[in-house]
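Here the structure is laid out as structure tokens; the discussion comes afterwards.
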Amino acid sequence: MELPTILCGPIVRRVDPAQVFFWIALSKPYDMKAQLFMIERDVNSRVTAYTNIACKTETRTIQAGRNLFISMINVSPHSGLFPTDQLLGYNIFFESGNESLDLDSFDLLSPAHPHSIVYENLAYPTFMINKENPSNILYGSCRKLHGLGFDTMSEADKIISSSATKTDRPSSLFLMGDQIYADDVADPVFKIITRLGQELMGQEEDLASAEPRLKEDLFKKGLQQINGRQYISEHFCKFTSRNAANHLLRFGDYAAMYLLSWSPSLWEHAHEEGLFKTFQEALDQDEIYFAFKNEYSNEHKKERKQLQDRYQKQMKDLANVVEAIYSVRRLLANTPTYMIFDDHDITDDWNLTQEWKAGVWNAPLGRHVISNGLSSYWLFQGWGNEPDTYTHFGQMMQTYFDSLHLGALPHKNWVHSLWNYDSWQFTAPTAPQAVFLDTRTQRDYANKPKPVKVGMRIDEGQHGPNLLNSEGWNTVGAKLKESGWNSGDPLILVSPSPLYGIGLIENFLQTYMLPLSTLGFPVQSNFDLEAWKYNGMGFNAFLQHVSLWNPSECMILSGDVHSASSVQSDISFPDGRSLKIHQFTSSPIKNMSYSGFSGALIKFMVSLNARDRTNRTLYRYCNQEFDLVQAEHENSVSPDYIWKESIRYQPIKGSALIETENNIGLLTYSDGRPESKVIMP
């Protein structure tokens, strides 16, 4: 059966008064243009008229596969600027030979149709370019298709639906990492992803050119089977994910995962093609990999039972995202969206340590797979953040995708360009201005060793990585300056990892787990020891740079830690500088982690920690060794501090200081005051 024409989208990406960008993925080529409308309303927000806005369209398309055309549609006004703080609608037109279509041709503009991407009785999908109104920004991270619990992207869709024609509806969506889980793929969709990936690409990406051992029957078969990629990921790619049994490897794998994450089109196609199978059907068709091959052995029977239980549980968890996927598409079609990666978008533990990075680079298959992950990130996420800064990527990408020949010069140029690119961070033209930090590719691992004691042994301990090196901070500062942001303006910083984490958990890991690295235990990869707090020099650099920028209000939005919290910190420096930070953390969108007995134990520990912090100010300072030192009270701070701070954890729901259920955040900035609330089903 033929692939659907619209594979995913449209998604509203970067918007400002001078230009608006729409992203869309198609299975066949079309010439496209967009039309914008100013929507007039009465005092009760009822729509009264749609007025055409004279505009011009420029469309750039990358053909990533035989049946995969990804386009960025740039719409700009013929004269002047687009209206701000005004509801705008849009339509997209598709031309090919004698064929002329628009979004309505695909049933996307019919309010009563399940495919519809419009709200209420509006004629078109809508968005706003916010400038003066109180700013409402949705934010969150960590959305795994088979993650536990409900998909809270559908809750964000409900929020916009309830205020679709009002100017105080959320005007932006910030996705702050782990938009996909490349390393943790559900068994029931693995074969669907690999099959769809082949359909999209139209040719086989020969991974054996990078890793000749994949020609061997055992690995060749495991590459295609459910549960067959753990060994390949660990030993041939040098990845450290513990859930890599179905790891995405080919570019088509990554592309199919993105399309399934944001659109119902390929879900419908998979159902029509009969691609969904029960565990028994997959077993009968030899689609499942077993480490123990003898089906009569006790080990094989035990493994089969474990895989069957996992398969059936994942099938149930996938049902939640399938139910929400139409809402997800509508949300993205009506909300300017900005996205930054964290690790799972590429692979778990990506660039965790210098040793990890070097090991993967020196593994040809690992080096290639990371390049696939980065190129898919650019096409599906990064391109729309600041489209004008990525023009150099287009031809390089197209040249490689035209051949997909591993080892050829276009492939080598593609790999080196992606691995060496240093400007993934970007600014978003929101109100207030936002800057997204790249805390993955701009890390600094150099730090002076520090003696630690493990039992009777004293050794040099490892530090966590500095999540953003000095060159990265310089790039962020330059981007802020270019964007027109001025010292004294409010500022939003998006950091995938929170600056202020859950103290009890971070302290336990830093005090008791990190020293075990001296004995050779892989604690950094096992416990993700990469918070800002684990590198005092990096934490200090964060505060120093932001304080020198001198924002009137500094808001940090973060995710990653699978919980929601709110922290306020007042920092002062010996030279008289001061900085107030409001940090709001929201995650996971769909991947509730604190479940079962271990989850209950962690929740209990965190609740004890939270009880200790309720209605209490905590004091901390940075000493000359860049250690973050707790102080009993303000007067006990050492006089030679680099900076000192008072921290207060704010209740986010009743008296609770932390929320571990699936959630998405909503930041409101009005009259110079930031507030955030957590949205849950």
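All heavy atoms count here, side chains included; hydrogens, waters and symmetry mates do not.
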Within a 6.0 Å radius of atom NZ on Lys479, are there more than 12 heavy atoms belonging to other residues, nucleotides or ligands?
yes

Could you give the distance from [atom1] ([X]) to [atom2] ([Y]), rounded to the nearest 0.5 Å?
X	Y	atom1	atom2	result
Leu493	Met555	CG	CE	9.0 Å
Phe21	Asp16	CZ	CG	7.5 Å
Ser163	Arg169	OG	CZ	7.0 Å
Gln179	Cys142	CD	SG	8.5 Å
Leu667	Phe584	CG	CZ	6.0 Å
Thr439	Asp560	OG1	CG	8.0 Å

Exactly one of Thr240, Asp349, Asn351 should register a side-chain hydrogen bond (donor to acceptor under 3.5 Å, both in side chains) with Trp356. Which one does?
Thr240

Donor-acceptor pair, side chain of [X] and main chain of [Y], under 3.5 angstrom:
X	Y	value
Asp422	Gly472	no
Asn466	Asn469	no
Thr347	Asp343	no
Ser586	Gly665	yes
Trp485	Pro551	no
Thr335	Leu332	no
Asn136	Asp168	yes

What heavy-atom pair brings [X] and [Y] nearest, and what distance separates the two atoms?
X	Y	answer
Asn535	Gly538	OD1-N, 2.8 Å
Val328	Ser261	CG1-O, 4.0 Å
Val561	Ser587	N-OG, 3.5 Å
Ser495	Leu437	CB-CD1, 4.2 Å
Leu499	Ser558	N-OG, 4.4 Å
Asp342	Arg440	OD1-NE, 2.9 Å

Does the pair Phe174 and Phe436 meet the rule for a ring-ring contact (aromatic ring centres under 6.0 Å, His included), with working shown?
CA-CA 9 Å; Phe174 291 175; Phe436 286 63; 4.9 Å; yes

For [X] and [Y], test the side chains for any donor-to-acceptor distance below 3.5 angstrom and give the result as yes or no.
X	Y	result
Thr668	Glu675	no
Gln19	Arg14	no
Glu386	Thr427	yes
Ser241	Asn243	no
Asn540	Trp643	yes
Tyr139	Ser172	no
Gln433	Ser483	yes
Ser569	Tyr500	yes
Gln381	Tyr258	yes

Listing, residues 144-154 side-chain donor-acceptor contacts under 3.5 Å, not counting sequence neighbours, or none:
{"residue": "Lys144", "atom": "NZ", "partner": "Asp184", "partner atom": "OD2", "Å": "2.8"}
{"residue": "His146", "atom": "NE2", "partner": "Asp184", "partner atom": "OD1", "Å": "3.3"}
{"residue": "Asp151", "atom": "OD1", "partner": "Arg143", "partner atom": "NE", "Å": "3.3"}
{"residue": "Asp151", "atom": "OD1", "partner": "Met153", "partner atom": "N", "Å": "3.0"}
{"residue": "Asp151", "atom": "OD2", "partner": "Arg143", "partner atom": "NE", "Å": "2.9"}
{"residue": "Asp151", "atom": "OD2", "partner": "Arg143", "partner atom": "NH2", "Å": "2.9"}
{"residue": "Thr152", "atom": "OG1", "partner": "Ile589", "partner atom": "O", "Å": "2.8"}
{"residue": "Thr152", "atom": "OG1", "partner": "Asn663", "partner atom": "O", "Å": "3.4"}
{"residue": "Ser154", "atom": "OG", "partner": "Asp151", "partner atom": "O", "Å": "2.7"}

Do the rings of Trp424 and Tyr390 sit parallel, tilted or perpendicular, given the 30° and 60° boundaries?
tilted

Determine the interplanar angle of the Phe393 and Trp378 rings, folded into 0 to 90°, and report it as parallel if under 30°, tilted if 30 to 60°, perpendicular if over 60°.
perpendicular

Decide yes or no for [X] and [Y]: does some side-chain heavy atom of the first lie under 4.5 Å from some side-chain heavy atom of the second?
X	Y	result
Leu175	Ile340	no
Trp532	Ser497	yes
Glu634	Lys644	yes
Ile642	Gln544	yes
Leu579	Cys554	yes
Thr167	Met128	yes
Tyr338	Phe426	yes
Ile647	Thr617	no

After noting the C-alpha distance and the side-chain angles of Asn130 and Asp85, does the key distance pass the side-chain contact (heavy atoms from CB on, under 4.5 Å) rule?
CA-CA 5 Å; Asn130 186 263; Asp85 303 313; 3.7 Å; yes

Hey, do the aromatic rings of [X] and [Y] have their centres closer than 6.0 Å?
X	Y	value
Trp23	Phe380	yes
Trp419	Trp361	yes
Phe542	Trp473	yes

Less than 4.0 Å between a side-chain N and a carboxylate O, is that true for Arg673 and Glu553?
no

Strictly below 4.0 Å, N to O, side chains only: are Lys158 and Glu155 in salt-bridge contact?
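Salt bridge between Lys158 and Glu155, a charged N being under 4.0 Å from a carboxylate O: yes.
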
Please step through side-chain contact (heavy atoms from CB on, under 4.5 Å) for the pair Trp549 and Val476, ending with a clear verdict.
CA-CA 11 Å; Trp549 296 340; Val476 171; 3.5 Å; yes

Would Trp350 and Val360 count as a side-chain contact (heavy atoms from CB on, under 4.5 Å) if you check the C-alpha gap in whole Å, the side-chain angles of each, and the deciding distance to 0.1 Å?
CA-CA 9 Å; Trp350 177 39; Val360 173; over 6 Å; no

Please say whether the positively charged group of Arg620, taken as NZ for Lys or CZ for Arg, lies over the ring of Phe539, i.e. under 6.0 angstrom from the six-membered ring centre and within 45 degrees of the axis.
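Yes, a cation-pi geometry holds between Arg620 and Phe539.
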
Does Tyr181 form a side chain to side chain donor-acceptor pair (under 3.5 Å) with Asn591? I'd like the steps, not just the answer.
CA-CA 10 Å; Tyr181 278 67; Asn591 193 17; 3.0 Å; yes

Run the numbers on Arg443 and Thr441 for side-chain contact (heavy atoms from CB on, under 4.5 Å), then give the verdict.
CA-CA 6 Å; Arg443 294 183 168 199; Thr441 75; over 6 Å; no

